[in-house]
Amino acid sequence: MDEFRAIILAAGKGTRMKSELPKVLHKVAGKPVLQYVLDIAKYLRSLKTYVVVGHKSELVATYVGDRAEVVIQKQLLGTADAVRSVVPQLIGYKGHVIILCGDTPLLDKDIIRRLIRKHLKTKVACTVLTAQIPDAGSYGRIIRDSNNGIAAIREFKDASFEEVGINEINVGVYCFQSQLLTETLKQVKLNPNKKEFYLTDIVELLLSQGHKVETLVTDDPNVAFGVNTREDLALCESILRQRITKRLMLEGVTIVDPKTTFIDDDVKIGRDTVIYPFTVIHGGVKIGSECTIGPFARLRPGTVIGNRVEVGNFGEISRSKIAGGTVMKHFGFIGDAHIGENVNIGAGCVTANYDGVEKSKTLIGDQAFIGSDSILVAPVVVGSGAMVGAGSVVTKGKKIPPGGLAVGVPARVFSKEFVKIRQKKV
Ligand code: UD1
Ligand code: CA
């Protein structure tokens with residue numbers, strides 16, 4: 001593919017969210033709205049990605065960090081002005097640019113790839129992504145000429161009665177030849193109705209100068225979906241969750257009731273694992289094959305689970321590694337732990353990983369048996385094959401040797417040899 005760069009427009013205020021947090025940083029299916037668009041730019045292997053942020057949006061700039069280059073739009077004077085703020089970065093660049101909006105997490109990466117392919121193949125000045133949707137709402141309308149070519153994009157506020165009836169809309173995603181874009185941007189005039197510079201005016205300007213503009217039409221109603229309100233955020237969440245559970249089921253995971261299963265983006269689950277209802281699995285969690293998870297389990301970030309692991313009802317696991325065959329069938333909390341293979345974790349077991357100042361680790365070896373209702377006050381090491389008696393409190397810094405035993409409150413620790421002698425006597 002030819003060289004291209006991405007521009008993500010994200011300077012809008014997001015007033016209707018009624019929030020202190022910028023709109024694009026609100027999370028949907030576990031990830032900020034903006035991250036979905038950044039992921040698309042990455043997927044497309046954009047050589048350079050610019051995120052246009054408003055002049056007060058330090059929070060967005062901080063989030064973007066080294067994920068992309070932040071460009072500040074000093075005053076919010078419309079979409080053409082937002083792109084203009086990137087022009088200094090494009091001096092001397094002869095490739096193509098794709099423009100995306102930062103508040104559209106449902107954009108489909110394959111459609112965008114098709115848009116770029118078409119743009120590069122037809123070698124036109126600009127290619128616009130459009131969608132045929134039943135309710136065109138306040139989107140810009142696509143005006144076609146007698147040959148069915150695109151003639152203009154008319155903003156809802158400026159549209160005539162007939163134009164409002166058009167169902168083909170501007171998604172807000174465009175490919176441009178970079179140099180034509182920067183030249184034509186200079187000619188965009190302030191829109192008298194909205195007192196903004198419209199990027200959409202560029203289509204007519206390019207056509208009037210004899211350049212060609214193409215479109216790629218989709219009938220996916222979600223592609224243009226932008227998050228403007230909390231209601232949009234919730235709707236977006238349910239669409240994304242549906243996509244995520246569908247993908248996992250296609251990959252061989254049983255999800256007993258997708259409607260009551262909440263799995264973030266970027267979760268990996270192996271084949272023949274069964275997820276029972278009311279389970280929450282956060283971003284980045286990895287689960288092996290043939291596990292059973294839930295009902296009512298919560299797996300938090302940093303959790304990696306091997307094959308044939310069982311996590312039952314009201315089990316919560318955070319920042320922990322759990323090896324194959326280990327079971328935690330009933331309620332309890334495992335945090336900052338490394339747990340070996342075939343470990344039994346009894347009902348109500350808690351790793352007390354936080355002492356109010358810092359978090360500490362719990363290490364449990366293979367084949368260990370942790371009795372019900374026990375508390376392991378981290379840092380604690382439970383050797384392989386060791387046992388913790390039911391109701392014990394293993395205090396900070398204790399190391400139970402392999403095959404040993406800890407029992408009582410506070411727990412007394414016995415060696416493997418001691419346990420053997422005791423067993424002989426009985
Ligand atoms: C825009 C399009 C419209 C299209 C719709 C798709 C224009 C004039 N209209 O309308 O045809 O159907 O998107 O969603 O472009 N932004 C800035 N700086 C600004 C203004 C906006 O960065 O000064 C960003 C916003 O954060 C947003 C994007 O540009 O991510 C689109 O702006 P918005 O005001 O939402 O445009 P629409 O009125 O929805
Ligand atoms: Ca919008």
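Index from 1, following the sequence. For ligands, and for the atoms within them, numbers begin at 1 and follow the listed sequence.
Contacts of T104 with ligand 1, taken as heavy-atom pairs under 4.0 Å, are absent altogether.
For the pair S320 (side chain) and S318 (backbone), a donor-acceptor distance under 3.5 Å is present. A donor-acceptor pair under 3.5 Å links the side-chain atoms of T273 to the main chain of G288, judged by distance alone.
Checked against a 3.5 angstrom limit, the closest N/O atoms of A224 and ligand 1 fall outside it. Residue E155 has at least one nitrogen or oxygen atom sitting less than 3.5 Å from a nitrogen or oxygen atom of ligand 1, judged on distance alone. At least one N or O atom of Q73, backbone or side chain, sits closer than 3.5 Å to an N or O atom of ligand 1. Distances between N or O atoms of T200 and those of ligand 1 include no value under 3.5 Å. Ligand 1 has no nitrogen or oxygen under 3.5 angstrom from a nitrogen or oxygen of C101. Residue G140 has at least one nitrogen or oxygen atom sitting less than 3.5 Å from a nitrogen or oxygen atom of ligand 1, judged on distance alone. Checking only distances, Q75 never comes within under 3.5 Å of ligand 1, N or O to N or O. By the 3.5 Å distance cut-off applied to N or O atoms, A11 is counted among the residues near ligand 1.
Near A82, the atoms of ligand 1 lying under 4.0 angstrom from a non-hydrogen atom of the residue are 17 (C), 18 (N), 22 (O). Close approach of ligand 1 to V171 (heavy-atom distance below 4.0 Å) involves ligand atoms 6 (C), 14 (O). In the vicinity of L76, heavy-atom distances shorter than 4.0 Å reach the ligand 1 atoms 23 (O). Close approach to G102 involves these atoms of ligand 1, each under 4.0 Å from a residue heavy atom: 30 (O). The A10 neighbourhood of ligand 1 comprises atoms 22 (O), 26 (O), with distances under 4.0 Å to a heavy atom of that residue.
In this structure, D81 has no heavy atom closer than 4.0 Å to ligand 1. The closest approach between a heavy atom of G226 and any atom of ligand 1 is not below 4.0 Å. Taking 4.0 Å as the cut-off, I169 does not count as a neighbour of ligand 1 on heavy-atom distance.
Counted by atom type alone, Y63 and Q35 present one or more donor-acceptor pairs between their side chains at under 3.5 Å. A side-chain N or O of Q73 and one of D81 form a donor-acceptor pair less than 3.5 Å apart. Using modelled atom types, one finds no donor on one side chain facing an acceptor on the other under 3.5 Å when comparing K329 with N344. With hydrogens and angles left out, the side-chain atoms of T215 and R144 include a donor and acceptor closer than 3.5 Å.
Ring-plane geometry between F278 and F296 is classed as parallel, the angle between the planes falling under 30 degrees on a 0 to 90 degree scale with a further cut at 60.
The option from G54, G12, G78 that lies nearest to atom 20 (C) of ligand 1, judged by heavy atoms, is G78.
At most 12 non-hydrogen atoms from other residues, nucleotides or ligands lie less than 6.0 angstrom from CG of D135. Within 6.0 Å of CD in E251 there are more than 12 heavy atoms belonging to other residues, nucleotides or ligands.
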**Request:** Check the pair I98, S46 against side-chain contact (heavy atoms from CB on, under 4.5 Å), reporting the backbone distance first and the verdict last.
**Result:** CA-CA 9 Å; I98 180 157; S46 146; 5.8 Å; no
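Comment: R16 does not engage D232 in a salt bridge, judged by the lack of any side-chain N to carboxylate O separation of less than 4.0 angstrom.
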